[in-house]
Amino acid sequence: MVKKCARYNIGFGKIATNDGSVIFQLLLTVAVITAGVFFRLNILQWTFLALLTSVFLISGIYRSVAHILTYHDESITLDQAVRIKAMSNLIVMMTAGFTLFSYLIIFVPKINTLL
């Protein structure tokens, strides 16, 4: 996949301009880091937060690259493109759900102590 990205000149700039969900994921990451600083998370929570966020961002970037490659690579048939897009969307949905659930586990007790 990396060689195909290099062949079709697909970089982070192209990913960010073609797919707004990566920008949304980055903004969500900034919000989560800000909340972590505000709530003074411990080192274990920061580690867990970093791992979850990186998996979420990587899956989003993978999804965007897969979508862009289906448009540029002529060797991918229409049926394959549909499957690739469906699988990449499913991966992002699963990681987003797991990440959101884990964020709730981390932040809800901190929010309850404020209230």
Side-chain angles (χ1 to χ4, degrees):
M1 187 173 217
V2 174
K3 289 181 182 179
K4 285 190 178 188
C5 288
R7 185 181 321 146
Y8 296 111
N9 196 20
I10 298 172
F12 192 75
K14 193 170 192 176
I15 292 169
T17 57
N18 286 342
D19 191 8
S21 67
V22 173
I23 301 295
F24 176 73
Q25 287 176 327
L26 289 173
L27 291 174
L28 181 66
T29 300
V30 169
V32 166
I33 291 171
T34 305
V37 170
F38 178 75
F39 288 120
R40 297 180 187 156
L41 299 180
N42 62 30
I43 193 73
L44 181 64
Q45 291 169 330
W46 274 113
T47 304
F48 196 55
L49 197 78
L51 287 172
L52 287 169
T53 304
S54 63
V55 169
F56 180 57
L57 287 173
I58 289 169
S59 68
I61 291 170
Y62 174 80
R63 176 196 165 273
S64 299
V65 168
H67 281 228
I68 293 170
L69 277 177
T70 57
Y71 294 120
H72 292 295
D73 194 358
E74 295 86 21
S75 66
I76 298 175
T77 65
L78 181 63
D79 290 336
Q80 290 173 335
V82 169
R83 287 187 191 119
I84 289 169
K85 289 179 182 181
M87 286 190 302
S88 62
N89 287 336
L90 182 66
I91 288 170
V92 171
M93 282 192 322
M94 288 173 38
T95 57
F98 182 72
T99 303
L100 179 65
F101 179 72
S102 301
Y103 286 167
L104 289 174
I105 290 173
I106 292 172
F107 287 114
V108 166
K110 302 281 185 181
I111 292 171
N112 281 339
T113 58
L114 278 179
L115 301 177

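Please read all numbers here as calculations on a predicted model, not as lab measurements. Atom set for the values below is all heavy atoms of this structure, side chains included, hydrogens, waters and symmetry mates excluded. Index from 1, following the sequence.
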Quiz item: Would you say F39 and L52 are hydrophobically clustered, going by side-chain heavy atoms of ILVMFWY under 4.5 Å?
Solution: yes
Quiz item: Would I61 end up clustered with L69 when hydrophobic side chains under 4.5 Å apart are linked, directly or stepwise?
Solution: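 Yes.
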[X] side, atom [atom1]; [Y] side, atom [atom2] - distance, nearest 0.5 Å:
| X | Y | atom1 | atom2 | answer |
| --- | --- | --- | --- | --- |
| T77 | R83 | OG1 | CZ | 7.5 Å |
| F48 | L41 | CZ | CG | 12.0 Å |
| L115 | I111 | CG | CD1 | 7.5 Å |

Exercise. List in chain and number order the residues that pass side chain to side chain contact (heavy atoms under 4.5 Å, CB included) with S54, two or more places apart in sequence or in another chain; answer none if no residue qualifies.
Key: none
Exercise. Answer yes or no: does atom CG of L114 have more than 12 heavy-atom neighbours from other residues, nucleotides or ligands under 6.0 Å?
Key: yes
Exercise. Any side-chain hydrogen bond (donor to acceptor under 3.5 Å, both in side chains) involving residues 37-48? Give me the pairs, sequence neighbours left out, ordered by first then second residue.
Key: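 Every pair satisfying side-chain hydrogen bond (donor to acceptor under 3.5 Å, both in side chains) with a residue in residues 37-48: there are none.
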Quiz item: With sequence neighbours left out, which residue pairs that include part of residues 96-115 fulfil the side-chain hydrogen bond (donor to acceptor under 3.5 Å, both in side chains) condition?
Solution: T53-Y103
Quiz item: Do the non-hydrogen side-chain atoms of V55 and F98 ever get within less than 4.5 Å of each other?
Solution: no
Expected list for residues 31-38: side-chain donor-acceptor pairs under 3.5 angstrom, two or more places apart:
unit_1	atom_1	unit_2	atom_2	d
T34	OG1	V30	O	2.8

Quiz item: Which heavy-atom pair separates V22 from S64 by the least distance, and what is that distance?
Solution: CG2-OG, 3.2 Å
Quiz item: Quick one: hydrophobic cluster around I105, which other residues, with the 4.5 Å side-chain cut-off, linked directly or via members?
Solution: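 Direct or chained contacts put I105 with F101.
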Exercise. Sequence neighbours left out, what passes side chain to side chain donor-acceptor pair (under 3.5 Å) with T70? Give chain and number order.
Key: none
Could you list the donor-acceptor pairs under 3.5 angstrom formed by side chains in residues 84-95, with sequence neighbours left out?
unit_1	atom_1	unit_2	atom_2	d
K85	NZ	Y71	OH	3.1
S88	OG	H67	NE2	3.3
S88	OG	I84	O	3.1
S88	OG	K85	O	3.0
N89	OD1	R63	NE	2.7
N89	OD1	H67	NE2	3.4
N89	ND2	K85	O	3.1
T95	OG1	S59	OG	3.0
T95	OG1	I91	O	3.1
T95	OG1	V92	O	3.0

